[in-house]
Amino acid sequence: MQDNQHTLSILVDNEAGVLARVIGLFSARGYNIESLTVSEIDQATNMSRITVVTSGNEKIITQIKQQIVRLVPVHSVVDLSLGEASVEREMALVKVAGVGQKRVEALRLADAFRAHTVDAAVDSFIFEITGRTDKVTQFINLMKPLGLVEASRTGIAATSRGAEAVHAE
Amino acid sequence: MAIKATGAEIILNVLKDQGVDTLFGYPGGAVLPIYDAIYQQNHINHYLVRHEQGATHAAEGYARSTGKVGCVLVTSGPGATNAITGIADALLDSIPMIVITGQVGTPLIGTDAFQEADIVGITRSCSKHNYLVRNVEDLERVMHEAFYIASSGRPGPVVIDVPKDVQFAEYEYTGELVNEHKTYKPIIDGAPDAIAEAIKLIKNAKKPIFYTGGGVINSGPEASEALREFVELTGAPVTSTLMGLGAYPASGDKWLNMLGMHGSYEANMAMHDCDVMICVGARFDDRITGRIDAFAPHCKKIHIDIDPSSINKIIQVDVPIVGDVKSVLTDMIKLWKAGNCSKTQPSLKPWFKEIDAWRARNSFAYNKTDDVIAPQYAIERLYELTKDQDTYITTEVGQHQMWAAQHYKFDEPNRWMTSGGLGTMGYGLPAALGVQVAHPDALVIDIAGEGSIQMCMQEMATAMQFGLPIKIFILNNERLGMVRQWQQLLHGERYSATYSESIPDFVIMAQAFGCLGLRVSDPAKLDDTIKEMMAYNGPVLVDVEVEKHANCLPMIPSGAVHNEMILEDVLADVEVSDAGKRLV
């Protein structure tokens, strides 16, 4: 069986320690975490969504899902990588320092990638870029020779296409 | 009607409302308010152990022999960390347990206060669930929830960490029981189409086998009844894991004995050659499967398990059925009867003819001599002399445990308490205390080794204090026998650290605790010693000096396949693959 990347959307009760339970399970059972995003999504119902990108063959991914569902505060787990029906996006803040021709080139490329300039000084920019992971990576790589100082990435947020909620009750 | 109560009183109220009358524990600074509340009530009997590990194993023995939830109360920091082994043990063997740990006051949490340890952090991966209760308003709900989670679905230990200020704080106690949870919803009934598919496979099977496990015991005595009925209907042979002994009677004619690493030849050969395997409440543990890629290669596999994560975890199965054993087996029996399947199924006579040939190898046979007690003989005599009594057996971990599983015959569930998953030396003595508390008039025997018994022997004081007449039956070979056996097999007979230069005189030790101490080394005097042990009205320790180099056989060496069992005592000639040596 072949190893593939899978994006899991995990709906949890937003209680103390719930993130530790989920990621502790990954480390204890030897599964990978390639990207992790977590935030409260509904204050009224006290729910959070954890989006994990992991990899493994079909058997391992199934086992990961079953193990996560077994955690008491987990409502549901959905594998968004089944089929082509999901949208995945990532945001990054990219700090670039430089003057002269490099500074002009960085700004030109940012424009081409539809990145926003969220901070500007005479010798630096911070760009905000949103897109698929490979696009964000490509932009950061392009900034390296132009004075990349650092990049801060959010990890992947994902949802399914169409009118249905990912975690339909 | 709601009444005003302190956190400590709320804890005791919930215990009472949950039907708890027994608590194993050890006091300390962070649980003083709870101990004060215990002092002022009469519903709950508290058993003071001598080490917190003992409290957890006692609770496990209590739970395993009754089907109820075992309850533990320990203090913060070292009290709680000492309980970790028992919590992990209960998780791996799916034992329902509540562990209440004291915690430093909420303002002190995170300051490295005296006797502070992050117990929810530490127990996160070794409990079924855990809670830190920061507000007294949550305490009643959390406690009830904890009982529901511990006892339903696949049972397990739940830890409730209660800071000292929460124990003092006051709140309303409502007394409302909770029997549901918004996210935790165990599946009880099996899917009808999966059950139908399973029946279709079983009724056409020429070489079916039941492979049963601890899940049958956990599902309650009615699950064992259902198993027996379904075995009768189908006529298929039965083997069981270590944890499932007693679910199907050892005296039953379909019984193949235990399977796995030290299981019987007939059980392992039948597992390897079967055409339909019905796994009931077992989890394809590595002690059972041997080499996974060659495990039972010619069969269709049906797997009944209440835990969906057990399905396809180790072995891919053909028909998974998620549900409670009792419910699923009851549905299967109904469907089998409705289809008159017993009339149309193929004859199993050729299958039993093969099985009888394997049985004839008599794989549990051993060398018996007149001058030294064979450990297997000691178990055999113990069984013969105690089988007509109301007997419960616990064990420690090692060779004696396997010999007990092979040679003591269990006809009923809940009579056999052993640490299967975690393999915890030191389990048997405190577990026996828990069993004896639940069954005051029963004969409770801890079959032990001289190594294991030293891990929790302080609990003999607990036995004396509470008048618990447990019997400790030590097979003393002066060596850590199972490790020694592996060193002989895998490490060129280099016996590293498996011989104890100094072993206590167990008879004098027993006397020091106030117990009766007996010793026997002559096979001719074994019966009388066992009878003397049984006749004494109080805790007894029997030091049985046995053959020192006996190996536990038969054995499937690491990395080998079921049909590659070692039967005779030829361990020195056995070749173990490099991959096998790396396995535990």
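Lettering of chains follows the sequences in order, A, B, ..., and the numbering in each one begins at 1.
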Next on the checklist: Less than 4.5 Å to any heavy atom of chain A: does that hold for the side chain of B:Ile311, its backbone, both, or neither?
Outcome noted: backbone
Quick one: donor-acceptor pairs between chain A and chain B, under 3.5 Å, side chains and backbone, table format.
from, atom 1, to, atom 2, distance (Å)
A:Asp13, OD1, B:Lys182, NZ, 3.4
A:Asp13, OD2, B:Lys182, NZ, 3.2
A:Arg21, NH1, B:Asn130, OD1, 3.0
A:Arg21, NH2, B:Asn130, O, 3.0
A:Arg21, NH2, B:Asn130, OD1, 2.9
A:Lys59, NZ, B:Ile314, O, 3.4
A:Gln63, NE2, B:Ser309, O, 3.2
A:Arg70, NE, B:Ser309, OG, 3.3
A:Arg70, NH1, B:Asp307, OD2, 2.7
A:Val72, O, B:Thr183, OG1, 2.5

Next on the checklist: Sort by residue number and list every residue of residues 95-102 of chain A having at least one heavy atom under 4.5 Å from chain B.
Outcome noted: none
Item to check | Contact class of A:Val74 relative to chain B, heavy atoms under 4.5 angstrom | outcome: backbone
Checklist entry - Which one, A:Ala28, A:Pro73, A:Ala16, A:Gly17, leads in non-hydrogen pairs under 4.5 Å with chain B? => result A:Pro73
